[in-house]
Novice: 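Take this structure first; my questions come after.
Quick caveat, the model's predicted, so the values are computed rather than measured. Here is the naming used below: chain letters follow the sequence lines, and residue numbers restart at 1 for every chain.
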Amino acid sequence: MGAPRVRIAPSPTGFFHVGTARTALFNWLFTRRHGGAFLLRIEDTDEARDREEWVDGIVDALDWLGLSPDEPPVRQSQFAPAHREAAQRLFDAGALYGCDCTREAIEARLEGTGRTGYDGHCRDRGLARGPGVALRFRVQDEGVTVVHDVILGDVEFPNDAIEDFVVVRSNGTVLFALSNLVDDRAMAITHVIRGPEHLANAPKQLMLAAALDHVEDHVALTPAFATVPLLVNEQRKKLSKRRDPVSLESYRDQGYLADAIVNFLALLGWSPRGDEEKVDRATLVAQFALEDVNHAPAFFDVAKLTHLNGEYIRDLDLDAFIAACRPWVAPTPGEWSPEGQAPPWPPERFDEAVFRSIAPLVQERVATLGEVAPMVDFLFLEDPPRDPQAFDKAIRNQPLAAAVLADALATLATADFDAAALHAVLVEVGERHDLALRRAQAPVRVAVTGRSIGPPLFESMALLGRDEVRRRVAAALRDAG
RNA sequence: GCCCCCAUCGUCCAGCGGCCAAGGACGCCGCCCUUUCAAGGCGGUAACACGGGUUCGAAUCCCGUUGGGGGUGCCA
């Protein structure tokens, strides 16, 4: 095929929906594969809802995902004159007719007939355009309209099941079916790859396109359609912004990596060849084909995303990992940082070198970057955070804990403070109290880190240093009761 | 109601008539490793919705049933 031109056409709603991200990805992969152009058109028809910063949000989200459009974003509103002109031509040619029926009037006429939709009441009334008069498309009474969907194959819509739909509001503005088509033609879009909520629009747009071909000076390109499967929640319902976590920004805030999200999204309705699901973008691009995309809805499984994200985190080299953690552990003013997730310690207490030392141990223990700060907070807080449950279990209600702590406190006064030596110390202390290391380290861990789980203890102690470790052990001993 | 889409392990996919007593991944369970927790290694659990065809042969093709979902707006 020639170089395809595709687009995504999100409306600025305040956040970037993961479903939009998935659709964007499939569009993007398709064009990367075939050397075409991936475009962004902001669907800003509803002026009341349009906000400039929301547009920026869309652009930022795409950039972050690495799915930047190949041309500057365009706005649907800029095509408004073209919408009106197309509508007028269709009206002049008789493809559209005026209708002043109210919803109530239509329903009243249909009452008891068992029929729904529009009854064609105004079809031959010859109403002129004007205030209070909407324009409807005269749909063929018979025959079928076939949508040659690249993914679904031929989908047939009986024309008699499609009512004479409104194309132009009574206030003169043009509705989605036409405006969207006019925009796509103006942008020379070759493939409209979108979600299944738009499938029912396809036959209408095909009808409009055919009608337009009759009234325009030149025959414009009618894009091919491709319907990607719906993204659903555990209830198998379309992802809802109210009940489901669908904002891409929230995933970014939690510390999901763009590459992991892209990889995961690609797996929803499609899969790379072979047994390996974790694949880089080059592989995605090389193997992606619309024809291979599934038809069935896919559940957006965060658990799987999280696992994949952990793998991507572990794949980072140390410097990259540390850099990736920065917004969560030491955010730079003016740069992006996760919303509502300031580090739990005072900024001045953060120690770059200490973090660097603990980083490799943290890297293999987190699945998201948001988990990093809570895991290392004891290193940068004045006093360790104290988990009451852990303290009670490992110290207060542990008969041998006080003795172990006291022994450790004494022994630590002279021990070398490197991980290996500290390991040996705790083994020794344990032996003196007839405790295995796993038991002996427990109270010390809680005393030093405040919790019963966390990074390896001896490395952590070495980083804290003798004085601080002994201070914390002494404090725990004092509080043991 | 009407139109349309869909149907393989709990989940995401592989399978596109014989290589399938159905494969991978996530999850879950167990074991190993082990200073906690992870990670990692090993093993296990678990599916072709149902009924008819077509065919020498069906998870794969056709029809129906059932079940899910999407759409049915002077929203996009």
Side-chain angles (χ1 to χ4, degrees), chain A residues 9-11 13 43 45-46 49 76 99-103 114-118 132-136 147 149 152 155-158 160-163 165-177 179-180 194-203 227 229-230 232 234-238 264 267-278 292 294-308 310-311 314 361-367 371 375 390 394 419 422-423 426-427 430 436-442 444-446 449 451-461:
Chain A
S11 36
T13 54
E43 220 79 332
T45 49
D46 191 343
R49 288 194 327 204
Q76 174 168 72
C99 170
D100 60 2
C101 299
T102 60
R103 190 76 246 170
R115 296 202 46 190
T116 56
Y118 183 66
V133 177
L135 263 34
R136 289 182 182 271
V147 176
D149 192 287
L152 296 178
V155 183
E156 298 188 3
F157 294 84
D160 63 8
I162 300 176
E163 63 175 10
F165 54 95
V166 175
V167 175
V168 181
R169 292 187 182 89
S170 52
N171 69 5
T173 57
V174 175
L175 259 0
F176 177 85
S179 60
N180 190 259
R194 73 222 306 198
E197 59 271 30
H198 284 298
L199 184 54
N201 286 319
T227 302
L230 196 70
V232 298
E234 46 280 271
Q235 275 81 236
R236 304 253 106 208
K237 296 256 207 295
K238 183 164 79 166
F264 173 68
L267 265 20
L268 264 20
W270 181 80
S271 68
R273 295 187 204 106
D275 284 343
E276 192 56 62
E277 290 190 327
K278 180 163 155 291
D292 295 335
N294 282 161
H295 305 175
F299 170 51
F300 188 88
D301 187 356
V302 180
K304 184 158 181 172
L305 200 212
T306 302
H307 173 86
L308 238 199
E311 294 195 314
R314 274 170 253 127
L361 301 174
V362 172
Q363 187 173 7
E364 62 182 26
R365 286 174 168 71
V366 297
E371 297 167 45
M375 192 173 283
L422 291 166
H423 180 277
L426 263 295
V427 169
L437 180 57
R438 56 186 297 112
R439 306 268 296 173
Q441 59 90 38
V444 178
R445 173 181 293 281
V446 173
T449 72
R451 304 195 184 88
S452 55
I453 61 171
L457 180 59
F458 310 127
E459 285 79 355
S460 300
M461 290 168 71

Novice: Does a nitrogen or oxygen in the side chain of A:His295 sit under 4.0 Å from OP1 or OP2 of B:rC5?
Specialist: no
Novice: Rounded to whole Å, please give me the gap between CD in A:Gln441 and P in B:rU35.
Specialist: 9 Å
Novice: Give a yes/no answer on whether the side chain of A:Arg314 brings an N or O atom under 4.0 Å of OP1 or OP2 in B:rA39.
Specialist: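 So the side-chain polar atoms of A:Arg314 never come under 4.0 Å of the phosphate oxygens OP1 or OP2 of B:rA39.
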Novice: So for A:Glu197 and B:rG70, does any side-chain atom that can act as donor or acceptor lie under 3.5 Å from a complementary atom in the base?
Specialist: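 Answer no: no donor N or O sits under 3.5 Å from an acceptor.
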Novice: Considering only heavy atoms and no angle criterion, is a donor-acceptor pair shorter than 3.5 Å present between the side chain of A:Arg439 and the base of B:rU36?
Specialist: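 A donor-acceptor contact between them is absent.
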Novice: Ignoring backbone atoms, establish whether A:Lys237 has a side-chain N or O less than 4.0 Å from OP1 or OP2 of B:rG69.
Specialist: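 Yes.
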Novice: Whole Å only: how far is the CG atom of A:Asn171 from the C1' atom of B:rC74?
Specialist: 8 Å
Novice: Considering only heavy atoms and no angle criterion, is a donor-acceptor pair shorter than 3.5 Å present between the side chain of A:Asn180 and the base of B:rA76?
Specialist: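 In this structure, the two groups form no donor-acceptor pair.
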Novice: Specify the separation, in whole Å, of atom CD of A:Glu277 and atom P of B:rG27.
Specialist: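 Result: 11 Å.
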Novice: Does A:Asn294 place a side-chain N or O at less than 4.0 Å from the phosphate oxygens OP1/OP2 of B:rA14?
Specialist: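 Yes, A:Asn294 has a side-chain N/O under 4.0 Å of OP1/OP2 on B:rA14.
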Novice: Rounded to whole Å, please give me the gap between CZ in A:Arg169 and C1' in B:rC75.
Specialist: 8 Å
Novice: Could you check whether any side-chain heavy atom of A:Glu163 comes within less than 4.5 Å of a side-chain heavy atom of A:Thr116, counting everything from C-beta outward?
Specialist: no
Novice: Please state whether the phosphate of B:rG27, meaning OP1 or OP2, lies under 4.0 angstrom from any side-chain nitrogen or oxygen of A:His307.
Specialist: yes
Novice: Please give, in whole Å, the distance from B:rG15 C1' to A:Asp275 CG?
Specialist: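 Rounded to the whole Å, the gap is 12 Å.
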Novice: Write down the distance between NZ (A:Lys238) and P (B:rC6), rounded to a whole number of angstrom.
Specialist: 18 Å
